Structures are given as C-alpha cells and as structure tokens.
> 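Take a look at the following structure, please.
Everything numeric in this text was worked out from a predicted model, so none of it was measured.
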Amino acid sequence: MNAGRSRNPGSRRSGVVAAVAGAVVLTTLTAPPAQAAPTGLVVSNVVVNNGKPIVVGTKEEKEPPVTFQVSLPPGLSTSKPSAYTAKPFLYRGANLPKIPDNDSLRMGMYTCYPVNDRNERCEGTLFIDPPYDLESNGDATTWKVGLTLRLWKPDGRLKAEEYKKAPGSVQLKRWGKATVNASPEPVKKGKKLTVTGKLTRADWVKHTYSGVAGSAKLQFRKKGSSAYTTVKTVKSNSAGALKTTVTASVDGYWRWTHNGSSTTGPATSSADFVDVR
C-alpha cells in the first residue's frame, strides 16, 4: 500500500490522498471487501517517464515522472477530492495482477490540480526500489499501464473499487556500465596501444553487475578537442570483456560507449588519457 509513499503534504490533493490511504489502513481489518463495481472514474493521457525507457540499477531507488488526467462522473466534484482516488500503476504480462498494490510498480508521491469541477490534471512519480520491486531479470521488458480506481464513503471506508487496463506502455531496462583502460602509458608515437574494458549490466537477482556480451564503440578525443570520433566497433565476450589495439599518434582520451539493447540501457565509460611521446 502506498500510504507511506505519498510524501508531499503541502498540496491539498496530495494531503487528501494520503489521509484516505491512512483511513484504509485503519479500516481494512474490520471493513468488508469493497464492491468490484464501476466507479465512473476515467483516467486518460497517462505518460510515464516522458515516454522514454526506465533504466534501473541494483540498489538505487528510481522515481520516474508520471502525468495523467482524471474525469469524474456525475455526482462527484473536484471540490471533494476525499470521495475518490485514481492511480496508474505498471504491470507486465497479458493480465492485470490480482493484487496490483503488491504485484506492480506503483505510484509514489503525486499531486492533482483541478481543471474544473469534473476534471483534474495530475503529476507525480512512480517509486521503484530494485531489491524490493524487481525480482527477476525478466522484468526488463515492456510494462503495461493499469489503473486503480476507488470511491470512498464519507466515513473514510471503501465504497467501490476497480482495476482496469489503460492505453500505453513503457520499457524497463537494466542499467549498463562500461570501463576502459589504455596501455602502455606513456606510449611512443607509432607504437601499438592496447585498449581494454568491460561491459556490465544490473543483475536484479544477485543485486550486482554482471558481464554482458554486446558491441561497443571505441572512441578517441584529441587533447584540446571537445569532440569524440569513433575509431572502431568491438564485440565483447560472454563475460563482457573488451580488447583491441590501435596505433598511437597524438595525446588524447580513449573511451568505450555502448548503445544498449531492448533490455539494457546505454553505457559510456570514463575517459582514459594517454600521453604519446
């Protein structure tokens, strides 16, 4: 349940959301299950992370932005926000999860602003805690948008709720990393320079970074320049190791850059400066 994640008490709408969620915590032990009936709430124009993939590491919490709109049925008004809540969530697979609050990527803090008596514009963030929310590397896939819609009684008890699918999706990817080392340093002009490195990506099962096979571009920036040029493209082995040789000509910086894939985010190493004498 997201009561602890609606962390912004400064907005009227957010404060009401947090208060209602708190009421649910207090009443669910004694209240009968809510009726699975249409609420009349309509959520539209859900945009997650500005339409870009969400790239997640092994430990760092992520809070991708989410925007959406809510339209109210007759009988409800934005002047009484405590009567309803509407929240998007992300799920994967063909079917909605039976318990979205426990088997999905959920909204964290969010705020809704009344546009008129029957419409609201909402903005906030998802809350993704990798060790808690991501249990399989298979989670690096396309996630669909679902909706949790709820109506509340004046005493704070749940009146009705429904879970629905919504248009839209977002790609979740594993965070990628790259390293580089060029040697020998310094090197004589015209001699061979060996450039090594490694590509790794987040492992959501082991909660560490593991090597990944893929292609990476070896890039060079001449000392005094601000632009990198691609020298060659090299494939890493199954452990992610990269290795190639080039001819040293001038002082400059070497780096590896990886464009990523459908499951892995892009990665660019730091630069290794080589003095050519």
Side-chain angles (χ1 to χ4, degrees), residues 1-48 61 63-91 95-129 132-133 143-166 168:
M1 189 169 295
N2 292 329
R5 291 174 175 169
S6 294
R7 298 186 292 272
N8 180 10
S11 131
R12 176 177 61 82
R13 183 74 172 103
S14 291
V16 170
V17 170
V20 171
V24 177
V25 174
L26 296 175
T27 60
T28 48
L29 295 179
T30 57
Q35 181 181 359
T39 60
L41 298 169
V42 176
V43 175
S44 60
N45 298 330
V46 182
V47 178
V48 181
E61 297 174 353
E63 297 186 74
V66 182
T67 58
F68 57 99
Q69 296 177 351
V70 182
S71 296
L72 309 180
L76 291 181
S77 170
T78 55
S79 64
K80 295 182 178 181
S82 59
Y84 58 90
T85 53
K87 295 189 292 184
F89 62 87
L90 299 183
Y91 70 97
N95 302 315
L96 284 167
K98 293 182 179 179
I99 308 177
D101 283 349
N102 296 332
D103 193 19
S104 63
L105 300 179
R106 302 160 300 281
M107 289 292 295
M109 178 183 70
Y110 73 105
T111 305
C112 291
Y113 303 91
V115 176
N116 51 45
D117 288 344
R118 297 276 295 280
N119 293 277
E120 289 186 318
R121 176 180 57 83
C122 304
E123 58 186 40
T125 60
L126 288 174
F127 185 90
I128 305 175
D129 185 0
Y132 175 79
D133 293 313
W143 290 66
K144 301 173 183 177
V145 179
L147 304 170
T148 299
L149 309 175
R150 291 181 172 127
L151 298 181
W152 305 95
K153 296 180 180 180
D155 61 5
R157 290 185 298 165
L158 196 56
K159 179 180 179 181
E161 67 178 353
E162 59 180 330
Y163 302 123
K164 300 178 66 174
K165 296 181 179 180

> How long is the gap from CG on N116 to OG on S79, to the nearest 0.5 Å?
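Between N116 CG and S79 OG, I get 11.5 Å after rounding to 0.5 Å.
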> Of all heavy-atom pairs between V46 and F68, which one has the smallest distance, and what is that distance?
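In this case the closest contact between V46 and F68 is CG2-CB, 3.9 Å.
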> Looking at R157 and D155, is any side-chain nitrogen of the basic one under 4.0 Å from a carboxylate oxygen of the acidic one?
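R157 and D155: salt-bridged.
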> List the atom of L126, the atom of L105, and the distance in Å for their closest heavy-atom pair.
CD2-O, 3.8 Å
> Measuring from atom CZ of R150 to atom OG1 of T85, what distance do you get when rounded to the nearest 0.5 angstrom?
6.0 Å
> Looking at OG1 of T148 and NZ of K164, how far apart are the two atoms once the value is rounded to the nearest 0.5 Å?
12.0 Å
> Determine, step by step, whether L90 and V145 satisfy the side-chain contact (heavy atoms from CB on, under 4.5 Å) criterion, reporting the C-alpha distance in whole Å, the side-chain angles of both residues, the deciding distance to 0.1 Å, and the verdict.
CA-CA 5 Å; L90 299 183; V145 179; 4.0 Å; yes
> Run F127 and T125 through side-chain contact (heavy atoms from CB on, under 4.5 Å) and show every step you take.
CA-CA 6 Å; F127 185 90; T125 60; 5.8 Å; no
> For a quick test of reading the model, state the closest non-hydrogen atom pair linking K165 to L147 and the distance between them.
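Here K165 and L147 meet closest at O-CD1, 4.5 Å.
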> So how far is it from D117 CG to L76 CG, rounded to the nearest 0.5 Å?
11.5 Å
> Y163 vs F89 aromatic rings, parallel, tilted or perpendicular, using cut-offs 30° and 60°?
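Because their plane-to-plane angle is over 60°, the rings of Y163 and F89 count as perpendicular.
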> Which distance, rounded to the nearest 0.5 Å, do you find between the NZ of K159 and the OG1 of T39?
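The distance works out to 10.5 Å.
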> For I128 and P64, which heavy atoms make the closest approach, and how far apart are they?
CD1-CG, 4.1 Å
> So, using side-chain hydrogen bond (donor to acceptor under 3.5 Å, both in side chains) as the criterion, who are the partners of E123 when residues are at least two apart?
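Testing E123 for side-chain hydrogen bond (donor to acceptor under 3.5 Å, both in side chains), a comparison that skips the adjacent residues, returns R121.
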> Rounded to the nearest 0.5 Å, how far does CG of L41 lie from CD of E120?
9.5 Å
> How close do L149 and A86 get, counting heavy atoms only, and between which atoms?
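What the structure gives for the nearest pair is CD2-CB, 3.7 Å.
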> Which heavy atom of V70 sits nearest to which heavy atom of C122, and what is that distance?
CG2-SG, 3.9 Å
